[in-house]
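One structure is given below, encoded as structure tokens.
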Amino acid sequence: MASARGEFSSRFGFLMAASGSAVGLGNIWGFPTNAASNGGAAFLFTYLILAFALAYPALMAELIIGRHARANAVTALRSISPGQKSRLLATTVGFVGILTVSFILSFYAIVSGWMIAFFFDPIARILGMDGLAQWLTEDAVLRNSLFVVLFMVFTMYIISAGVKDGIEKWASRLMPSLIVILALLILYVITLPGAGDGLRAYLVPDFSRIADPALLVDAMGQAFFSLSLGVGTMLVYGSYISKKENLPTIGSLVALLDVGIAVLAGMLILPAMYVALNNGVQIFDESGGLIAGPGLIVSVLPALFNTMGAVGVFVAFAFFALMTIASLTSSISMLEVPVAYGVEHHGLERRKAAIAIGSIVTLVSLVIVFNFDPLFDLVVTYTTEVSQPLLGFSFCIFVAWIWKRNDILEEIKQGCPEVESGLFWKIWPFYVKFICPVAILVVYFQ
Ligand code: PHE
């Protein structure tokens with residue numbers, strides 16, 4: 001089986017794929033609004049600390065387990081578990097991870113579907129098809145269903161093609177485009193009247209908020225979701241990294257790219273919101289907070305683009321292209337988790353596994369679309385606020401308490417022979433053993 005496994009062909013390919021997984025709706029949509037409603041730069045500051053102190057060590061745990069085992073999440077966790085009890089735990093954690101990531105994908109695909117619909121809206125308007133444009137931007141079960149299916153078909157198509165010809169190829173095309181579009185949008189929006197107020201709301205810290213438990217919980221949830229942790233995604237991507245790679249270095253590059261793009265996204269979204277305010281668009285909700293969540297992306301920003309005249313059509317096009325790319329490079333990493341399991345554990349052919357599992361996830365998405373109010377928030381809450389932190393905690397337990405320290409060292413040494421004398425090995429083992437699990441639990445029980 002091992003010889004049939006894929007591998008990323010270059011460091012660049014891995015970095016694009018892993019940062020593509022990490023950079024998603026969580027960065028461009030979640031992070032900026034979380035920051036704005038949690039004391040601006042005070043949130044940014046806490047987020048940076050938590051991302052590097054807690055999320056980076058957890059990311060390393062997944063990458064190391066993955067590359068060592070060269071297998072899907074269930075098989076990988078079982079392979080580092082010495083006893084019967086720990087193997088049972090491994091199977092459970094692996095499965096819960098696979099289920100969790102599949103449910104995350106089921107709601108993520110709905111939101112991504114909206115992004116594609118809004119991406120087609122400016123095209124329809126340029127072509128003078130106003131009726132179609134209106135249909136594309138109106139929330140309706142039929143529209144949502146069609147675009148969920150379209151998005152999932154793209155996702156399945158890429159995953160069917162495998163690691164190198166699917167994930168790596170597409171991420172290496174899409175991620176550089178994402179960075180260019182983001183930079184161009186920032187440069188444009190920042191010149192508009194009102195943008196300065198947005199930057200101030202984002203970058204001037206309100207330090208009275210820093211010890212606020214809500215801020216801590218939000219910042220940690222954001223960091224874990226944003227780095228795609230706990231659900232086996234990074235483990236599976238890690239399993240495709242060459243043994244010649246230096247893991248601590250590429251892990252930190254992924255974390256830096258993710259955090260960097262989140263911080264940049266804040267420099268787009270908040271100025272854009274205040275430009276919208278300047279143009280007469282409502283940006284605060286009844287309780288006086290900034291409008292976040294779906295309202296921000298599908299009503300505030302489109303309203304802003306509408307006030308920009310002809311340029312607005314292009315800005316809308318670029319913005320929703322950005323959102324669609326960010327979603328797609330994340331969704332493929334989600335689907336890869338169950339598919340890798342199906343292929344390796346059940347001997348399924350990759351294409352069949354991608355289509356079968358992708359179709360099941362699409363069906364779950366459709367059930368949510370048809371029962372949006374009772375189900376959507378429920379699925380989001382259970383997967384991201386309950387399951388993901390607990391799984392992150394379990395991964396730390398596996399790597400630090402169950403797996404043999406020497407095996408870990410041997411694994412990292414491949415590609416990084418000097419690790420033992422470096423800073424990483426002085427700090428990281430202690431961190432994942434004590435600080436990470438305790439901190440995750442403390443924040444969880446807040
Ligand atoms: N990191 C992605 C984002 O920020 C979401 C994600 C979660 C991707 C879990 C994979 C696994 O949007």
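Start at 1 and go down the list; that is how both ligands and their atoms are numbered.
Looking at W29, Y237, F224, Y108 and measuring to atom 12 (O) of ligand 1, the nearest heavy atom belongs to Y108.
At a 3.5 angstrom cut-off on N or O pairs, I104 does not count as close to ligand 1. Considering both main-chain and side-chain atoms, S226 comes within under 3.5 Å of ligand 1 through a nitrogen or oxygen pair. Backbone and side-chain nitrogen or oxygen atoms of L229 are examined, and none is located within less than 3.5 angstrom of a nitrogen or oxygen of ligand 1.
Between F119 and F319, the gap from one ring centroid to the other reaches at least 6.0 Å. Two rings, from Y108 and F151, have their centers 6.0 Å or more apart.
Heavy atoms only, all atoms of each residue included: S330 and S21 are closest at OG-O, 2.9 Å.
At a heavy-atom cutoff of 4.0 Å, ligand 1 is contacted by no atom of A326, backbone or side chain. Counting heavy atoms under 4.0 Å from ligand 1, residue V231 touches it through the side chain alone.
Here the protein heavy atom with the shortest distance to atom 4 (O) of ligand 1 is A22 O, 3.0 Å. Of the protein's non-hydrogen atoms, S228 OG, 3.2 Å is the one closest to atom 8 (C) of ligand 1. S21 O, 3.3 Å is the protein heavy atom nearest to atom 2 (C) of ligand 1. Of the protein's non-hydrogen atoms, F225 O, 3.6 Å is the one closest to atom 7 (C) of ligand 1.
In summary, the side chains of N27 and S226 do present a donor paired with an acceptor at a separation below 3.5 Å, with no hydrogens or angles considered. There is no side-chain donor-acceptor pair under 3.5 Å between S239 and R67.
For ligand 1, the atoms closer than 4.0 angstrom to any heavy atom of S333 are 10 (C). Proximity to N27 (heavy-atom distance under 4.0 Å) selects the following atoms of ligand 1: 4 (O).
For the pair E138 and R143, the salt-bridge criterion is not met [side-chain N within less than 4.0 Å of a carboxylate O].
Applying the 6.0 Å contact sphere to NZ of K352 captures no more than 12 heavy atoms from other residues, nucleotides or ligands.
The side chain to side chain contact (heavy atoms under 4.5 Å, CB included) search around S242 returns E7, K244, not counting sequence neighbours.
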